[in-house]
Student: 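I have a structure I would like to understand better, so I am pasting it below and will then ask my questions one at a time.
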Amino acid sequence: MKTRQINKLAAFIALVSVCKQAQPTWTGLKAFKDKFTKFSTRVETLGRLKLQQEAGTTGIAAQKQACREQACSAAAVVAAAVRAWAEDTGNLAVAGKVNYSYSDLVGGRDTASQDRCQTVQDVAEEWVASLKDYGVDADVLEDLQEKIDTYAACITKPREAVATGKTITKQNESEFKAADALLVNGLDELILSF
């Protein structure tokens, strides 16, 4: 919310408080009661939107980077083990498929990094029976897949947070317009009765 909107929301909250204190005065006027109920509902909605907006996106990018690093670290260990096995057995085609260092895995675009980690996992899965002596078994591959899946889920979080922020901003605008309309065209007019 902008400073002007925050100030307006504070004024709305104060108005709701004053009207609630004077409730015995206006309870008999149905039109005022209906407008006040709608107005106070809008003010509550604006309060919730303000809290959502303040939650912001702090930490989302850092979380995505941490997930990326965990997936790439695990993939680098598995890739090294698969390469060692492949070179010992003369299977250079398999060694070539997983010829990634940690830097290769963590570098580049988000999805490219995820794809490289997934390639390492897929190749290792295919040869898991032969990799036990190299420190790779089903549990290691399951852990790697979990880290890749967690990273994949984190990739879109920053963009989703931005989109959510834009949606909240638009909701704020429409809620303020509706609250203003209820105030100017309803409560302000009816308050003259008192």
Side-chain angles (χ1 to χ4, degrees), residues 1-75 105-118 143 145-194:
M1 279 188 184
K2 298 175 185 171
T3 303
R4 183 182 57 79
Q5 291 174 323
I6 292 170
N7 293 339
K8 187 180 259 193
L9 179 57
F12 286 172
I13 291 169
L15 177 63
V16 168
S17 177
V18 168
C19 287
K20 283 183 178 179
Q21 290 173 6
Q23 189 168 358
T25 307
W26 54 262
T27 301
L29 190 58
K30 184 181 178 343
F32 188 89
K33 181 179 178 182
D34 292 346
K35 297 276 185 189
F36 176 74
T37 301
K38 290 177 184 177
F39 179 77
S40 58
T41 300
R42 297 280 181 186
V43 172
E44 287 174 16
T45 300
L46 284 166
R48 281 194 306 276
L49 290 172
K50 181 178 181 275
L51 290 175
Q52 288 175 353
Q53 208 167 30
E54 287 173 350
T57 60
T58 304
I60 293 175
Q63 178 64 34
K64 180 176 96 170
Q65 185 62 29
C67 290
R68 181 179 192 154
E69 290 171 2
Q70 289 174 357
C72 292
S73 292
L105 291 167
V106 82
R109 295 190 176 272
D110 296 331
T111 53
S113 181
Q114 176 197 353
D115 291 344
R116 286 186 216 110
C117 290
Q118 191 63 56
D143 179 61
Q145 189 62 57
E146 286 175 11
K147 288 177 179 171
I148 293 169
D149 293 344
T150 300
Y151 173 52
C154 288
I155 288 175
T156 59
K157 297 288 185 199
R159 186 167 303 277
E160 290 170 4
V162 169
T164 300
K166 287 181 180 180
T167 301
I168 290 172
T169 299
K170 287 182 181 180
Q171 278 183 293
N172 273 338
E173 291 170 8
S174 66
E175 288 295 325
F176 272 111
K177 283 180 184 177
D180 281 337
L182 285 166
L183 183 61
V184 173
N185 299 326
L187 296 176
D188 281 352
E189 300 292 329
L190 293 171
I191 201 75
L192 297 175
S193 302
F194 309 113

Student: What distance do I148 atom CD1 and R116 atom CZ have between them, rounded to the nearest 0.5 Å?
Tutor: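 CZ of R116 is found 12.5 Å from CD1 of I148.
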Student: Taking the side chain as C-beta and beyond, is there a heavy-atom pair between V43 and I13 under 4.5 Å?
Tutor: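 V43 reaches I13 side chain to side chain.
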Student: Is the backbone of Q171 close enough, under 3.5 Å, to the side chain of S174 for a donor and an acceptor to pair up by distance?
Tutor: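 Side chain of S174 to backbone of Q171, a donor-acceptor pair under 3.5 Å: yes, one is there.
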Student: Looking only at heavy atoms, which two atoms of L187 and K35 are closest? And how far apart?
Tutor: CD2-CB, 3.7 Å
Student: Would you confirm whether S113, through its side chain, and G107, through its main-chain N or O, come within 3.5 Å as a donor-acceptor pair?
Tutor: no
Student: How long is the span from the CD atom in Q5 to the OG1 atom in T169, to the nearest 0.5 Å?
Tutor: 8.0 Å
Student: Considering only heavy atoms from C-beta outward, does the side chain of Y151 approach that of I155 to under 4.5 Å?
Tutor: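 A side-chain contact under 4.5 Å exists here.
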Student: If you look at every heavy atom in L105 and C117, which pair is closest and at what distance?
Tutor: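 Answer, listing the atom of L105 first, then C117: CD2-N, 4.0 Å.
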Student: Could you grab the distance from atom CD of E189 to atom CG of L183, nearest 0.5 Å is fine?
Tutor: 10.0 Å
Student: What pair of heavy atoms forms the shortest contact from L29 to L190, and how long is it?
Tutor: CD2-O, 4.4 Å
Student: Is the backbone N or O of C154 less than 3.5 Å from a side-chain atom of R68, with the two atoms forming a donor-acceptor pair by type?
Tutor: no
Student: Tell me which pairs pass side chain to side chain donor-acceptor pair (under 3.5 Å) where either residue lies in residues 9-30, with sequence neighbours left out.
Tutor: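 Every pair satisfying side chain to side chain donor-acceptor pair (under 3.5 Å) with a residue in residues 9-30: K30-D34.
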Student: State whether a side-chain donor-acceptor pair under 3.5 Å links Q145 with D149.
Tutor: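 Yes, D149 and Q145 have a side-chain donor paired with an acceptor closer than 3.5 Å.
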Student: Any side-chain heavy-atom pair from F36 and L182 closer than 4.5 angstrom?
Tutor: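 They are not in contact (no side-chain heavy atoms under 4.5 Å apart), so the answer is no.
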Student: A quick test of your reading: do over 12 heavy atoms of other residues, nucleotides or ligands sit less than 6.0 Å from NZ of K33?
Tutor: no
Student: Please evaluate residues F39 and C19 with respect to the criterion side chain to side chain contact (heavy atoms under 4.5 Å, CB included), reporting the C-alpha separation (whole Å), side-chain torsions for both, the decisive distance (0.1 Å), and the verdict.
Tutor: CA-CA 11 Å; F39 179 77; C19 287; over 6 Å; no
Student: Pick one: which of R42, K38, K50 meets salt bridge (charged side-chain N to carboxylate O under 4.0 Å, His left out) with E175?
Tutor: R42
Student: Measuring from T111:OG1 to Q114:CD, what's the distance to the nearest 0.5 Å?
Tutor: 7.0 Å
Student: I need the minimum non-hydrogen distance between K147 and Q70, along with the two atoms involved.
Tutor: CD-O, 3.7 Å
Student: Could you check if a side-chain atom of K8 sits within less than 4.5 angstrom of a side-chain atom of D180, using non-hydrogen atoms only?
Tutor: yes
